[in-house]
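The structure under discussion appears below in the form of structure tokens.
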There are 2 protein chains.
Amino acid sequence: MTMSNTGGRRKPPTIHDVAREAGVSRGTVSRVLNGGHYVSPTAQEAVNAAIRKTGYVVNRHARSLITGRSDSIGFLLTEPQERFFEDPNFNVLLSGCTKALAAHDIPLLLMLAGTRDERRRITRYITAGHVDGVLLVSSHSGDPVADELREAGVPLVQCGKPMGLGSKVSYVAADDRDGARDMVRHLLSLGRRRIGVVSGPLDTPGGVDRLAGYKEVLTEAGVEIDERLIVSGDYSRASGEAGTERLLAQAPDMDALFVASDLMAQGALTALHRAGRRVPEDVSVGGFDDSSAATEATPALTTVRQPYDRISAEMVRLLLAQIGGEDPAAVILPTELVKREST
Amino acid sequence: MTMSNTGGRRKPPTIHDVAREAGVSRGTVSRVLNGGHYVSPTAQEAVNAAIRKTGYVVNRHARSLITGRSDSIGFLLTEPQERFFEDPNFNVLLSGCTKALAAHDIPLLLMLAGTRDERRRITRYITAGHVDGVLLVSSHSGDPVADELREAGVPLVQCGKPMGLGSKVSYVAADDRDGARDMVRHLLSLGRRRIGVVSGPLDTPGGVDRLAGYKEVLTEAGVEIDERLIVSGDYSRASGEAGTERLLAQAPDMDALFVASDLMAQGALTALHRAGRRVPEDVSVGGFDDSSAATEATPALTTVRQPYDRISAEMVRLLLAQIGGEDPAAVILPTELVKREST
DNA sequence: CATGCTTCTGTGAGCGTTCACAGTAGAGAA
DNA sequence: TTCTCTACTGTGAACGCTCACAGAAGCATG
């Protein structure tokens with residue numbers, strides 16, 4: 001990347017130009033820019049007018065050089081990228097975080113670290129201080145990138161409960177266990193008793209908690225827990241399809257199915273359809289997430305809504321707080337049962 | 001955002017530290033960093049060793065301050081965000097651009113400009129020089145943001161052919177017309193003659209070109225063009241469903257259907273299924289894009305693949321060239337017919 | 001009148017780079 | 001020898017901002 005571009009942008013006004021225009025000093029303009037304390041109303045007014053007139057916008061590089069912060073944050077995905085492509089939730093999360101940050105005038109840098117090399121490069125980039133903090137999406141058990149960043153003292157907020165239960169980890173998650181409980185109670189209320197489950201990966205807290213909620217409600221209701229009704233997948237559509245086939249083979253009398261993600265539920269629907277089971281007449285199906293996959297499925301999926309808009313907002317709030325010096329914190333948000341055609 | 005964070009990152013080494021370590025001057029280190037011309041092999045070696053030893057990473061803010069460029073680029077989406085959520089192609093494009101830029105060590109800033117306010121804020125941000133260039137995704141007819149940026153002399157590359165055919169516009173697009181031709185020829189080769197089409201929006205070049213390809217092939221083949229077999233949608237799933245219903249009402253003898261996007265084709269499948277038409281036995285269905293929607297559909301969609309990986313790579317190449325002072329250019333990439341179960 | 005306090009303002013220094021320039025050393029040509 | 005040319009290296013200035021500090025002005029208190 002060499003300089004010069006055909007369009008010929010002319011150089012923008014500096015804080016000096018604004019100061020001259022307003023008849024004050026650089027320092028005063030800077031104070032107005034950063035909160036405006038200890039500035040007389042007169043000066044305040046003059047500076048604002050000058051800013052409008054000159055079209056001044058602060059040079060963030062110059063600011064960052066002296067403050068030592070970049071006023072930008074990274075959105076880091078350490079999953080293999082296929083998941084990113086497939087799962088509609090990422091979009092919602094990503095866009096939610098982008099907008100929440102935009103409200104603070106903080107740009108979001110997208111960082112995809114699927115391969116080993118990319119991970120190294122990005123870790124280096126982050127620890128070099130090129131971003132002030134990181135929003136991390138990773139359902140991995142023990143994510144080495146996360147550990148490395150934490151060790152380097154980089155403010156970090158994770159989406160979803162992380163595995164290693166270190167208390168110094170900030171994260172935001174939906175109440176997986178409670179959501180699962182709601183869903184299974186709902187299935188029970190429909191008179192179903194042979195309820196199968198395709199859980200998430202059991203090396204992630206999310207996967208574990210949803211399965212725990214399932215077992216808990218069945219036990220409470222006095223329904224026997226049958227291991228033949230339990231399989232686990234990896235949240236992908238394909239694994240939902242395969243898992244459901246296994247369940248149908250192991251427990252042909254299954255009359256309901258709780259699938260731990262909408263994407264897997266889509267796969268489940270395909271498998272049930274192929275096996276000639278009608279949904280919801282023969283088998284009631286419940287998903288998890290309330291992603292766009294839920295409404296696109298036929299029949300539309302009853303599911304557990306994760307409040308992604310609130311999750312992204314909380315992630316940003318927590319991260320900014322942490323950058324501001326506060327201690328890491330965890331936030332668990334309530335889920336909501338959304339009833340549609342599949343139950 | 002105030003300073004200080006609990007973790008306490010210690011301040012990173014500067015170019016000065018490296019220079020001292022290597023026993024050379026700042027200037028020499030800088031030269032090594034930027035290409036290494038006019039540096040003796042001895043010094044080169046010493047500097048590289050010092051960089052490794054100190055773990056030095058260049059401070060991009062200081063560099064940007066003096067060079068005037070930010071070494072970062074913006075990925076701008078001016079569509080309403082629902083499209084972003086729904087369309088799997090965006091993910092592929094976004095991730096492709098991110099990786100192509102990563103190869104040049106250039107971070108990507110995600111910018112979502114759905115609302116009027118966001119558009120203003122982002123335009124301001126960009127024209128202030130906080131990014132060196134913009135990758136724009138917008139199928140809008142005449143995008144006001146694009147015009148404004150171009151006027152301000154901001155290097156810009158658009159995805160998809162823009163409407164106003166100004167020659168100073170850089171863009172990368174798939175060969176829509178040719179892709180459509182391939183698909184319709186394929187349908188004809190199956191013996192189908194009553195071929196319906198759900199086109200894209202006709203105020204976009206992409207929509208127009210795909211329809212043109214359709215008409216062209218039919219005319220060549222001596223098949224009469226029946227206006228009752230032509231409707232248009234907006235690339236959304238819902239519009240595909242509605243359009244297909246209209247076609248079925250207007251032309252019940254339709255035996256094939258060319259849908260201008262996979263997402264709309266999913267909707268078409270739903271409508272056909274509801275009408276009791278079997279796919280592909282009664283009606284052959286062809287889509288466009290080869291997005292993940294194509295393989296997820298049942299039956300899997302025959303479609304026209306847009307080479308999204310190459311598109312994103314070309315967009316980045318063109319943008320960097322433009323930043324380097326070259327003139328805007330257009331690139332049209334070939335499509336490929338992918339045959340699956342729906343035809 | 002001096003003193004202190006509060007509110008406000010201007011000034012110089014410096015953040016970590018790159019860039020232009022000056023300068024050195026060595027090789028080859030006149 | 002002396003000059004020129006090439007290959008390389010060091011140095012000061014500047015980029016645009018924030019921060020610490022010094023100082024001014026106004027007002028109350030001793």
In terms of relative ring orientation, are His61(A) and His130(B) parallel, tilted or perpendicular, with 30° and 60° separating the classes?
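Rings of His61(A) and His130(B): perpendicular, over 60°.
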Can you tell if the side chain of Arg60(B) reaches within under 4.5 Å of the side chain of Asp105(B), non-hydrogen atoms only?
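A side-chain contact under 4.5 Å exists here.
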Close side-chain approach of His16(A) and Arg26(A), heavy atoms under 4.5 Å
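His16(A) reaches Arg26(A) side chain to side chain.
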Using only side-chain N and O atoms of [X], determine if any of them is under 4.0 Å from OP1 or OP2 of [N].
X        : N       : result
Tyr38(A) : dC19(D) : no
Asn34(B) : dT18(C) : yes
Ser64(B) : dC15(D) : no

Within residues 17-32 of chain A, find the residues that approach DNA chain C with a heavy atom at under 4.0 Å, and present them sorted by residue number.
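Those residues are Val24(A), Ser25(A), Arg26(A), Gly27(A), Thr28(A), Arg31(A).
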What is the distance, rounded to the nearest whole Å, between atom [atom1] of [X] and atom [atom2] of [N]?
X        : N       : atom1 : atom2 : answer
Arg60(B) : dG16(D) : CZ    : P     : 20 Å
Leu65(A) : dC19(D) : CG    : P     : 12 Å
His16(B) : dG16(C) : NE2   : C1'   : 10 Å

Between [options], which nucleotide gets closest to the side-chain atoms of [X]?
X        : options                  : result
Pro41(A) : dC8(C), dT18(D), dT9(D)  : dC8(C)
Ala43(A) : dC17(D), dT17(C), dT9(C) : dT9(C)
Thr67(B) : dC8(D), dT9(C), dT18(C)  : dT18(C)
Val39(B) : dC17(D), dT9(D), dT17(C) : dT9(D)

Report the C-alpha distance between Glu118(A) and Arg121(A) in whole Å, list the side-chain angles of each, state the deciding distance to 0.1 Å, and finish with yes or no for salt bridge (Lys or Arg N to Asp or Glu O under 4.0 Å).
CA-CA 5 Å; Glu118(A) 286 164 353; Arg121(A) 205 185 57 78; over 6 Å; no
